[in-house]
*Asks:* 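Handing you this structure, nothing more for now.
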Amino acid sequence: MPSIIVHGGAGAYEPGKEHERGLLAAVDAAWVLLESGGSAADAVEAAIVMMEDDPIFNAGLGSSLNLEGVVECDASIMLSDYSAGAVAALKAAKNPIRAARLVMERTDHVLLAGEGADSFARKMGLPSGDLRTERRIELHRKNLRTFRDGGEIKFMPNLRGLADEMGIGTVGAAAMDAEGRLAAGTSTGGMMMKVPGRVGDGAVIGAGTYASPHAAASATGHGEAIMRHLVAKGAVGAAGDIGVREAVESALEIGRFHGFGFGMVGVEENGATALGFATQAMSWAERTDDGRRTFLE
Ligand code: ASP
């Protein structure tokens, strides 16, 4: 039986009904595909597209704004046959996860960044537009006031002050299809008030997203820490020996040891799903043969 698990970001926030609605819509969209023989890659893409289109999440429409008030999205996808695709600092494509999948399927590359990535997405016929929402613009104005220093905005504000809001709402998914293939994907507007050009773990294979024939996982949290410790690769690598649930726990333990918390969802070759977070909260939902669950249940 197939399975799908999704997250809507880990951090210091209180997930609400809007998150639950968005997450359930995402697993339902994926489940329709999985039940009718769709691939794990199709399921992960469909789930993430639903969340990118929902402005409650920090991905696609409603992404965080960088220091200059501009959206720069990161996304990645990886399959159990080790194929992978990613985009970084994408400004206008509405669905970065679709661009990441096209990088995987239509190019000989793994990662496209910046203008090249946007131009590739346009050439592939992906819709583009202004991904900023009123809520994000207002938040950005507020942040600018907070960081104004003698009339000038500091080039590099102290982002620790924003920790509660930083990247909350990053989305990710991990799925197994009826043929036992695995996939994982991650999509994010990244850290709020980041320096233009900053690329986070959401675009980095091994950091935010990883898959092998044994397991697939998507991580969320402070991207710089996640990149330094390649947490998705670490958990997926361990899952072959100790199972995905223990592997997620052990990845969180490594994070704690190094002084950072993050969240993760994963799936393994027998379809078992796993989730864990060492933050105040992580919103998530799953659909497996024994029904569907969310963080609110
Ligand atoms: N990992 C994301 C980033 O640092 C943010 C998040 O997951 O909340 O870009």
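Whatever order the structure lists them in is the order used to number ligands and atoms, beginning at 1.
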*Asks:* Look only at interatomic distance and state if Thr188 has a nitrogen or oxygen under 3.5 Å from any nitrogen or oxygen of ligand 1.
*Replies:* no
*Asks:* Under a 4.0 angstrom heavy-atom cut-off, which atoms of ligand 1 come close to Thr170?
*Replies:* 2 (C), 5 (C), 6 (C), 7 (O), 8 (O)
*Asks:* Answer yes or no: is there an ion pair linking Asp28 with Arg292, defined by an N-O contact shorter than 4.0 Å?
*Replies:*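 Result for this pair is yes, salt bridge flagged.
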*Asks:* Step by step, work out the side chain to side chain donor-acceptor pair (under 3.5 Å) result for Ser3 and Thr288.
*Replies:* CA-CA 4 Å; Ser3 53; Thr288 59; over 6 Å; no
*Asks:* Which residue from Gly221, Ala59, Gly223, Gly190 reaches closest to atom 5 (C) of ligand 1 through any of its heavy atoms?
*Replies:* Gly221
*Asks:* Heavy atoms only: give me the nearest Pro2-Ala178 pair and the separation to one decimal.
*Replies:*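 Distance-wise, the nearest heavy atoms are CB-N, 4.1 Å.
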*Asks:* Does a donor on one side chain and an acceptor on the other come within less than 3.5 Å for Asn58 and Ser64?
*Replies:* yes
*Asks:* May I ask you to list the atoms of ligand 1 that are less than 4.0 angstrom from any heavy atom of Thr220?
*Replies:*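 The atoms of ligand 1 under 4.0 Å from a heavy atom of Thr220 are 6 (C), 7 (O), 8 (O).
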*Asks:* Which pairs pass side chain to side chain donor-acceptor pair (under 3.5 Å) with one or both residues in residues 195-217, sequence neighbours excluded?
*Replies:*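 Qualifying pairs, neighbours excluded: Ser76-Thr209, Thr186-Thr209, Arg198-Glu224, His214-Glu269.
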*Asks:* Where on Asp201 is there a heavy atom closer than 4.0 Å to ligand 1, on the side chain, on the backbone, on both, or on neither?
*Replies:* side chain
*Asks:* Indicate, as side chain, backbone, both or neither, the part of Arg198 found under 4.0 angstrom from ligand 1 when only non-hydrogen atoms are considered.
*Replies:*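 Side chain only.
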